[in-house]
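What follows is a single structure, written as structure tokens, with notes after it.
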There are 2 protein chains.
Amino acid sequence: MSEQERRIPEATVARLPVYLRCLVELADERTPTISSERLADMAGVNAAKVRKDLSYLGSYGTRGVGYDVEFLLYQMSRELGLTQDWPVVVAGVGNLGQALANYGGFTDRGFPVGALVDVDPDKVGTSIAGVIVRHLDELPELVASKGIAIGIIATPPTAAQSVAEKMVEAGIGSILNFSPSVLGLDPEVSVRKVDLAVELQILSFYRRRADGPASLGPDGPQR
Amino acid sequence: MSEQERRIPEATVARLPVYLRCLVELADERTPTISSERLADMAGVNAAKVRKDLSYLGSYGTRGVGYDVEFLLYQMSRELGLTQDWPVVVAGVGNLGQALANYGGFTDRGFPVGALVDVDPDKVGTSIAGVIVRHLDELPELVASKGIAIGIIATPPTAAQSVAEKMVEAGIGSILNFSPSVLGLDPEVSVRKVDLAVELQILSFYRRRADGPASLGPDGPQR
DNA sequence: GTGGCTGTGTGCACCCGTTCACAAAGTCAC
DNA sequence: GTGACTTTGTGAACGGGTGCACACAGCCAC
């Protein structure tokens with residue numbers, strides 16, 4: 001793989017975090033090297049795909065041996081931009097928002113909850129997981145002072161669009177949308193959507209169809 | 001589209017729930033018909049894709065007019081298997097599990113929480129959102145008595161695999177996995193995975209890359 | 001009933017991603 | 001150093017999905 005111009009396909013990008021998690025696990029148990037085949041097993045994909053995916057990062061493997069776990073871990077973290085923390089703001093402190101704020105998994109992986117915002121006066125001022133809930137209107141100052149890069153939308157669907165716009169105005173360029181609504185934003189803003197009901201409906205479809213082919217969804221590695 | 005043999009591509013299946021939500025919205029505001037173009041706008045995709053997707057369900061449109069909202073809504077619900085409720089069991093009553101149990105969005109869309117299970121004696125016996133938490137060992141009876149079809153895994157990653165296996169043994173054929181772990185199960189079982197940290201890491205990647213092309217993830221419609 | 005208009009359904013070409021298969025590169029034993 | 005063996009990196013074939021472009025069907029006005 002040439003050093004210049006190595007655009008990484010979207011499908012590969014979506015798998016890198018999965019490999020990353022496997023590598024962390026391997027590093028924890030002090031495994032020094034890993035072959036594409038074993039990594040593929042762990043990640044639930046096939047070996048050729050692993051090799052091609054990793055080759056986009058560079059030729060970091062050793063033929064006849066495999067990949068150095070620590071080294072690959074470092075390179076992949078760097079590529080994913082995980083050598084630094086990315087504070088997030090969660091908008092909407094309902095059931096889901098509170099759960100996300102309390103969910104330690106984000107902070108562990110470099111995405112500390114830097115701020116919580118809502119519009120409900122009863123919620124503003126309360127403290128969740130050590131973070132005080134602020135009013136949505138304070139978003140610009142919060143983003144600036146806490147260096148927030150990512151916005152998480154956990155509001156009701158009706159509020160999602162306007163909250164998203166306020167996030168973008170405040171300088172946020174990446175949004176994770178948990179609300180069941182389609183956002184219309186400047187294409188420059190990165191948006192990803194997680195819709196819990198949609199996932200269940202997809203399962204429902206395959207179940208109806210005499211348990212047809214399911215498992216592998218269109219979105220990266222499953223199982 | 002011929003009446004026989006109309007296998008629906010996975011990519012289309014993943015979009016149907018999005019169209020469905022748009023149609024529900026349209027029906028609520030008493031819109032009688034909708035064109036592929038307007039539906040495409042609402043769903044955040046292009047019109048040709050909408051028409052091709054809908055054509056897999058049958059020729060339900062009227063040329064020069066569009067699609068009858070109510071009729072299409074019915075057909076799509078039927079195709080997705082949403083004319084009946086699918087009770088779910090949530091395994092793991094931590095932050096996420098509790099939030100899911102309290103989250104009304106599931107019940108509204110035909111996926112009532114039929115049971116909650118955990119292994120922590122402190123949690124078993126408590127009541128969340130009107131459902132009593134039972135021990136994981138009771139899963140087979142719960143599945144049978146409540147007619148549970150779908151299992152939701154909200155346990156720590158270390159427990160996910162064994163919980164998933166117990167679900168399958170208990171007769172569950174569809175699993176939604178929120179834990180950050182790769183499940184290895186009989187391929188006949190439908191599995192979908194939602195990993196919150198992975199989504200953030202993908203956003204992190206695109207942010208690092210000088211705000212390159214993001215937005216459209218590999219998994220169906222975003223924004 | 002005729003003509004014009006609107007919007008569906010689909011054939012086709014293209015593109016992205018997956019998988020196969022194999023040459024090249026490196027290790028290890030002796 | 002040589003040979004056998006392992007595993008990477010990648011060219012090439014394949015397949016699914018997307019989007020264009022257009023023929024055709026149905027509606028409306030007169």
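Order of the sequence lines sets the chain letters (A, B, ...), proteins ahead of strands, with each chain counted from 1.
Between the side chain of K52(A) and the base of dT18(C), no donor-acceptor pair under 3.5 Å is found.
Two residues are said to be in side-chain contact when any heavy atoms from C-beta on lie closer than 4.5 Å; V18(B) and L20(B) fail this criterion. No side-chain heavy atom of M42(A) sits under 4.5 Å from any side-chain heavy atom of Y19(A).
The closest donor-acceptor contact from the side chain of W86(A) to the backbone of R207(B) lies at 3.5 Å or more, if one exists at all. S36(A) places no side-chain N or O within donor-acceptor distance of the main-chain N or O of R51(A), the cut-off being under 3.5 Å. In this structure, the side chain of E79(A) does not engage the main chain of F205(B) through any donor-acceptor pair within 3.5 Å.
As a whole-Å value, the separation of N46(A) CG from dC20(C) C1' is 10 Å. With rounding to whole Å, L72(B) atom CG is found 13 Å from dT8(C) atom C1'. Between the OH atom of Y60(A) and the C1' atom of dT7(D) there is a distance of 19 Å, rounded to whole Å. For the pair K49(B) NZ and dG7(C) C1', the interatomic distance rounds to 20 Å; values are reported in whole Å. D53(A) has its CG atom 11 Å from the P atom of dT19(C), to the nearest Å. We find that CG of L57(B) is positioned 14 Å from P of dT8(C), with the value rounded to whole Å. One interatomic measurement links the two molecules: CG of L54(B) to C1' of dG19(D), which rounds to 16 Å at whole-angstrom precision.
Of the residues in residues 31-41 of chain A, those with a non-hydrogen atom less than 4.0 angstrom from any atom of DNA chain D are S35(A), S36(A).
Remark: L73(B) CG to R78(B) CZ distance equals 12.5 Å, nearest 0.5 Å.
The side chain of Y56(B) contributes no N or O atom lying less than 4.0 Å from OP1 or OP2 of dT10(C).
Aromatic rings from Y60(A) and Y67(A) are positioned such that their centres are separated by 6.0 Å or more.
Here D85(B) pairs with P112(B) under the side-chain contact (heavy atoms from CB on, under 4.5 Å) rule; sequence neighbours left out.
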Extract from the structure each pairing of a protein N or O with an N or O of nucleotides 22-30 of chain D at less than 3.5 Å, listing the distance.
residue, atom, partner, partner atom, Å
dC24(D), O2, R63(B), NH1, 2.8

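Side-chain contact annotation: D68(A) with T33(A), donor-acceptor N/O pair under 3.5 Å absent.
Across dG17(C), dG19(D), dG17(D), the shortest atom-to-atom separation from the side chain of A11(B) is found for dG17(D).
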